[in-house]
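A short write-up of the structure that comes next.
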Amino acid sequence: MSETGAAIAAETLAKFADRVYGLCGGHIQPIWDEIGDTGASIIDTRDERAAVHAAHAEAAVTGELGVALVTAGPGFTNALTGIANAYTSGTPMLIVTGYPPIPQFERGALQEIPHRDLAEDITVTDRTVYETGRIQEYLVEAAGAALDNRGPALVEIPTDVLRNETKWTRDRPDPTAPHDIIAPQETLDAAADAVRNADRPVAILGRGARDAAAEIRSFVEETRLPVLTTAGSKGVVPETNDYCVPGARGDAMGQADLFLILGKRLDFTLGYGSPAVFDETVFVQVDTDPDALRRNRTPDVSVRSSVSSAVAGLRDRLEGAVGTGEWVDDLREGHESRAARMAERKTGDETPIHPYRVCGAIERAIDDDAIVVCDGGDALSFGRIAIPTANPRGYLDPGPLGCLGVGLPFAIGASLARPESDVVCFTGDGSLGFNMADIETAVRERADITVVVANNAAWNIERYDQLENYGREIGSDLTDIAFDEVATGLGAEGISVSEPDALDEAVERAVATDGPVVVDVVVDPDAVSPDAANGLARVPDYQPLDAWDELERKSRHEKGD
């Protein structure tokens, strides 16, 4: 029996995911209509960027493929930011877009722009399907590339190819999960020797560690190796673990003589591994991506392997504790001291409300299985530090791209993918504005989310930088919006809080309520976030933070660069 290309595409996508995120449009309408006859559902957002963000969140919290369907031209350009964010975050996604019919190619057709040229550098593969009979083939291969390479794959299908009919033989199996990359024995021997010989070793976990949470927790308990998680690995080792010491991050980063880096690139968050910052520190790096093992600094020991394989091999070789008692105890003491100070900030009664107080209310309202999304500049800086999670896939934020605006669509995608978990989005008022109309999407799709807005009526990191360095504010003030009223107008429940004694009850009620609730919290605009204090807004020349930039400048001056 003959079937249309759209039917083939819809059936294939439905095998990849229970939900396809997108926004309807003429060039993809044939697929859109056919998905209704499959077991999958369409999640129709108010902007294609939000659709890709929501699919990204589903992939992040499930570890499976996220799927987005976007129309041609402006639909696709709207989606580009979400695609770029998925690429820099290493999130496996399949993006399907339409294109004008082949007879109209290069004639100035409606919404004709070079999609693939625009996306080439931010996708793991990009292809155009010219034959209806090959649609399944292209989609399966692209999905496999996305899973293998941990990034977004693009398939473009002209509308006439979707409308054409063909006899279809279902002869392509679905893509499988990536094969585990087993750590080479000789490099594991070298890595174990390096860790064993270190006096002050620290493990640093990245996004690649999320699938190895059980193995890493066992490894840490046996070796007593102190651990620092990052934004991509919060919850892999909970902060309640004796060896997870994020509160002592500065001491650990500054005093360690060995970093065991598991599934993380040497990017700006690690000072690019620069010898000016980490002079005599030994680097042992584990990653499946060979590019990650050679970018910015050549590790002393490179292990191309999955984190789970490497950690298992190291545990067998180390056979017990390698973290020295004094080193671990000092870091734990520093962590607990800072945690105690933070606990006081998270229960403070000052007015206007401090953002850390909002973080405390969120922490007290959620359980260990909750999914926390942090978005914004200031809000992210406070929330990343102050809201713990014990769920290895329970934390999402703008990622290495610093992509503000992800919070609300991330929360929607996370909630639809994990309806059994509480989902709380802590966001700034500026970042919520990017996709605020998707509160209506959350209402329509019955996404059970709580959005807590730190409302300081400003782009506050930039505002702080302007006042500190120029003594004035330009274009960083925002209107004081009543987000609770906006939420009500879009069909959600809205709650307004301006006094700290009402905050905990409001957040608890919001989390316990079925459906989307927006809690608008008036916070202190003069509260200085850690990122603001560290100079992130200034974008220093050589390093992201002032202190590291000074070390880099000193090193280059001494070398005569």
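This chain uses plain numbering: 1 for the first residue, then up along the sequence. All heavy atoms count here, side chains included; hydrogens, waters and symmetry mates do not.
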Quick one: do the Glu156 and Thr128 side chains pair a donor with an acceptor below 3.5 Å? yes
Whether over 12 other heavy atoms sit under 6.0 Å from Glu106 CD: no
Does Glu440 come within less than 4.0 Å of Arg444, counting only side-chain N to carboxylate O? yes
Examine the side chains of Ser415 and Asp448 and answer whether a donor and an acceptor come within less than 3.5 Å of each other. no
Taking NZ, NE, NH1 and NH2 as the nitrogens, is one of them in Glu445 or Arg19 under 4.0 Å from a carboxylate oxygen of the other? no
Given the side-chain rings of Phe76 and Tyr99, with only the six-membered ring counted for Trp, is the space between their centroids under 6.0 Å? no
Are Thr389 and Asn391 close enough that a side-chain donor and a side-chain acceptor fall under 3.5 Å? no
Regarding Asp33 and Gln29, do their side chains bring together a donor and an acceptor under 3.5 Å, going by distance alone? yes
Donor on one side chain, acceptor on other, Thr45 and Asp438, under 3.5 Å: no
Looking only at atom types and distance, does a side-chain atom of Arg207 sit under 3.5 Å from a main-chain N or O of Thr230, one as donor and one as acceptor? no
So, His56 and Thr91: side-chain donor and acceptor under 3.5 Å apart, yes or no? yes
Should Arg150 and Asp289 count as an ion pair when the cut-off is N to O under 4.0 Å? no
Indicate yes or no: does Asp369 engage Arg418 in a salt bridge with an N to O separation below 4.0 Å. no
Please name all residues satisfying side chain to side chain contact (heavy atoms under 4.5 Å, CB included) with Glu64, sequence neighbours left out, ordered by chain then number. Thr62
